[in-house]
There are 2 protein chains.
Amino acid sequence: MSITQTQIAAKLGVSQPAVAFALSDTPQALRQLSTETRELIIQTAQQMGYVPHRAAQRLSRARSDNRAASFDQAGFIYLGGAEQDIDSICLTMMQGVENELSKLHASLTFVRVCEPGDWKKVERLMRGSGVDGWLLVGRVNDEVVDRLNSAPLNGIPYVILGDHRCTRPVHSVNVDHHAVGRLAVEHLASLGHRRIAILKGGTDFVYQRQILEGFRAARKELGLEDEERLAAHASIWMDPRNGGMKITDSAIGWLKQNGLLPTAMFIPEPGSAIDFDPVLKQWEVEVPRSMSVVGCGFTPSRAAGQNSTFVEWPIAEVGHQGALLLHRIAAEQNAASVELKIPPSLVKGWSTGPCNMEPAK
Amino acid sequence: MSITQTQIAAKLGVSQPAVAFALSDTPQALRQLSTETRELIIQTAQQMGYVPHRAAQRLSRARSDNRAASFDQAGFIYLGGAEQDIDSICLTMMQGVENELSKLHASLTFVRVCEPGDWKKVERLMRGSGVDGWLLVGRVNDEVVDRLNSAPLNGIPYVILGDHRCTRPVHSVNVDHHAVGRLAVEHLASLGHRRIAILKGGTDFVYQRQILEGFRAARKELGLEDEERLAAHASIWMDPRNGGMKITDSAIGWLKQNGLLPTAMFIPEPGSAIDFDPVLKQWEVEVPRSMSVVGCGFTPSRAAGQNSTFVEWPIAEVGHQGALLLHRIAAEQNAASVELKIPPSLVKGWSTGPCNMEPAK
DNA sequence: CTGAAAGCGCTTACAG
DNA sequence: CTGAAAGCGCTTACAG
């Protein structure tokens with residue numbers, strides 16, 4: 001069924017190891033064979049559709065563990081009960097990871113860990129030499145990291161994707177949420193807006209706090225109005241059962257009645273901005289004429305709203321970089337801890353425009 | 001690092017194959033060793049934390065392919081550009097699959113296929129003997145199935161999870177969507193409702209049509225009012241960019257003005273029912289006093305709304321059964337095609353109650 | 001009926 | 001410098 005090195009060797013009348021050397025990149029291989037033979041072998045292998053037997057490769061490599069060369073199996077640990085609506089973010093990250101791994105001819109094993117007993121699965125995979133490195137997504141904290149650092153799980157490198165709550169030094173890749181808040185403000189400020197509100201979904205989660213920080217820092221630096229009541233009273237209600245966010249229209253009413261209506265609003269919860277339009281209409285606020293709105297979103301299919309302006313979270317890129325980082329630290333035994341932040345980008349749409357009005361006093 | 005059979009053998013002063021036999025379930029193994037020795041070996045292996053080396057097992061099994069015994073690697077193919085908001089459904093299915101596979105000591109490899117070139121990844125995995133069977137989720141059609149049935153991918157069993165558009169006989173597992181529609185009607189009818197509307201999100205997708213069929217069949221069988229306008233004019237607007245559903249409140253207005261307001265409503269799109277409450281309030285419809293609402297949802301965390309009544313789609317169970325089916329057909333070479341339908345269940349909540357009023361004429 | 005040998009498909013150290 | 005041998009950790013057919 002599948003082609004083996006031995007079959008190729010037989011066809012060309014060379015030894016099986018000769019084929020192995022021709023197909024490897026080790027410095028030794030180059031002098032083992034004439035360039036001519038090497039080329040011939042490579043060509044033949046290709047046209048016969050040769051693909052190395054994964055299990056055989058892994059087993060063989062077990063002899064002399066060359067950590068650099070033997071990275072071909074990553075594990076994706078989804079730690080359930082996560083903060084935030086992690087599902088679609090998680091899948092998008094996985095796609096980014098898988099995409100990058102496939103270029104390295106490595107594959108991705110999915111493991112879900114929800115209760116303590118589930119760590120047995122991780123341990124089993126590790127003991128059976130089934131995985132060369134872990135990617136962690138979800139509820140990652142010191143307890144999880146301690147588990148991975150100590151016997152019997154230690155020795156396998158890991159990288160955390162997305163938000164986490166670890167205090168120990170770890171390798172991680174995440175969206176630069178600080179920059180998310182900053183980017184929204186900068187865009188709106190460039191359009192002339194000076195009274196910019198943020199519609200928070202809460203401050204419980206790491207990303208929420210980081211976005212808020214970035215938002216405030218940028219607003220301060222640019223000398224914009226810093227009306228705390230704008231943030232305090234406009235809040236997004238989050239329904240944990242649904243994973244969705246709803247805007248409390250009472251917040252808008254309050255702002256309007258108190259003459260605090262901003263000329264621009266930033267809605268950081270991904271996909272929430274689209275809910276906003278009908279609520280605003282109800283209060284006779286027209287987007288973008290009387291108010292600009294910047295939302296958040298990720299991946300083409302999950303934008304904040306139909307062609308509206310939003311800050312795009314580079315979730316897939318987090319996956320890509322996570323895979324690359326894991327591959328790197330799997331090779332270099334003890335690399336210094338890396339916390340990578342991927343910058344978001346602004347996608348301009350119809351929901352933002354120049355500031356036409358003086359903010360209501 | 002990891003324990004091997006040889007190490008166990010050395011410790012007990014038996015041969016390595018003796019250990020192998022003790023740990024296997026083959027009939028031959030039983031007579032090879034005394035029950036006593038066998039027990040001792042098993043015990044020792046366990047307390048030494050022995051886990052078979054996956055790659056070694058696979059490689060060794062390659063010699064005499066006993067298809068039944070050598071199932072330990074499934075591949076999960078996510079076919080992108082799917083209909084419906086598949087992401088969270090997909091992840092829930094994966095969890096179900098992984099859960100079941102882990103009991104079989106098998107693991108799950110994630111592969112994303114979005115463009116034709118991505119099939120190279122599938123082919124590579126197959127040629128490298130990296131996978132014993134496939135689970136397919138997403139945009140599955142005849143073209144995909146033909147690909148898996150013909151060289152160079154053929155010979156590996158596969159099961160489709162969720163909706164698909166294949167006309168050829170295939171193995172598949174899905175929610176019984178027909179029963180979803182039926183269940184909603186039956187519950188509402190049992191509460192005395194006779195004018196029951198369905199708020200369709202569309203009829204483009206397979207599941208939408210099946211739910212509608214089930215809904216209508218049940219309504220007919222139970223002799224309930226069959227006012228087509230109820231369905232025709234109450235529609236859910238779906239925003240593909242967001243993956244979310246929104247209810248057009250104009251539909252409610254139309255129904256009310258025309259005296260067609262039903263006493264109960266079924267909202268089949270998962271997670272949409274929660275959006276409904278504020279819209280209904282706006283039209284002075286109070287749930288459940290003047291109208292009962294049944295939504296849809298899946299997995300505990302994705303119910304249709306906070307403690308509201310909904311039909312639960314057994315998505316995780318689809319994953320479970322899919323894994324089991326794949327395992328089965330991987331063993332029995334050519335099993336007849338199986339299309340498994342998993343029945344949904346009704347979760348009762350606050351949003352439904354007895355029919356108090358005569359429907360408006 | 002028992003027990004040690006062959007072999008899965010690779011990688012690479014190591015004899016010649 | 002070359003080329004065939006050893007070995008990774010298993011499974012199970014096959015000599016004795």
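Hydrogens, waters and symmetry mates are skipped; everything else that's a heavy atom, side chains included, is used. So that the names make sense, note that chain A is the first sequence line, chain B the second, and so on, each numbered from 1.
- For Ser60(B), taking side-chain heavy atoms from C-beta onward, the closest of the listed nucleotides dT11(C), dC10(D), dG9(C) is dC10(D).
- Ranked by how close their nearest DNA chain C nucleotide is to the 5' end, Ser15(B) and Pro52(A) are led by Ser15(B).
- Taking atom CD1 of residue Ile3(B) and atom P of nucleotide dC8(D), one finds them 15 Å apart after rounding to whole Å.
- Atom CD1 in Ile8(B) sits about 15 Å away from atom C1' in dT11(D), given to the nearest Å.
- Between Asp72(A) and Arg58(A), at least one side-chain N (NZ, or NE/NH1/NH2) sits under 4.0 Å from a carboxylate O, which counts as a salt bridge.
- Base pairing annotation: dA15(C) forms a Watson-Crick or G-U wobble pair with dT2(D), both donor-acceptor distances under 3.5 Å.
- If you measure from atom CZ of Arg38(B) to atom C1' of dT2(C), you get 17 Å, rounded to the nearest angstrom.
- Under a 4.0 Å N-O distance rule, the pair Asp146(A)/Arg168(A) qualifies as a salt bridge.
- Going from atom NE2 of His105(A) over to atom C1' of dC10(C) covers 16 Å, rounded to whole Å.
- One interatomic measurement links the two molecules: CZ of Arg58(A) to C1' of dC8(C), which rounds to 17 Å at whole-angstrom precision.
- Using a 3.5 Å distance cut-off with no hydrogens or angles, the side chains of Ser102(B) and Arg124(A) do not pair a donor with an acceptor.
- Each of Ala18(B) and Leu59(B) lies near DNA chain C, and the nucleotide nearest Ala18(B) is the one positioned closer to the 5' end.
- In this model, no donor atom of one side chain and acceptor atom of the other lie less than 3.5 Å apart for Thr6(A) and Gln16(A).
- Residue Ala56(A) places its side chain closer to dC10(C) than to any other of dT11(D), dC10(C), dA4(C).
- Contact annotation: side chain of Arg63(B) to base of dT11(D), donor-acceptor pair present below 3.5 Å.
- By the 5.5 Å and 30° criteria, Phe21(B) is not stacked with the base of dT11(D).
- Within the structure, a side-chain polar atom (N or O) of Gln5(A) is placed less than 4.0 Å from OP1 or OP2 of dT11(C).
- With P as the reference atom, dA13(C) and dC10(D) are 22 Å apart, rounded to whole Å.
- Spacing between atom NE2 of His53(A) and atom P of dT11(C) amounts to 12 Å, rounded to whole angstrom units.
- What separates CZ of Arg61(B) from P of dC10(D) is a distance of 11 Å, to the nearest Å.
- Put simply, the side chain of His164(B) never gets that close to the backbone of Ile160(B): no donor and acceptor are under 3.5 Å apart.
- The OH-C1' distance, from Tyr50(A) to dT11(C), rounds to 10 Å in whole Å.
- Across all strands, Gln57(B) comes closer than 4.0 Å only to sugar-phosphate atoms, never to a base (heavy-atom distances).
- Candidate nucleotides dT12(D), dT12(C), dC10(D) were compared by shortest atom distance to the side chain of Pro17(B), and dT12(D) ranks first.
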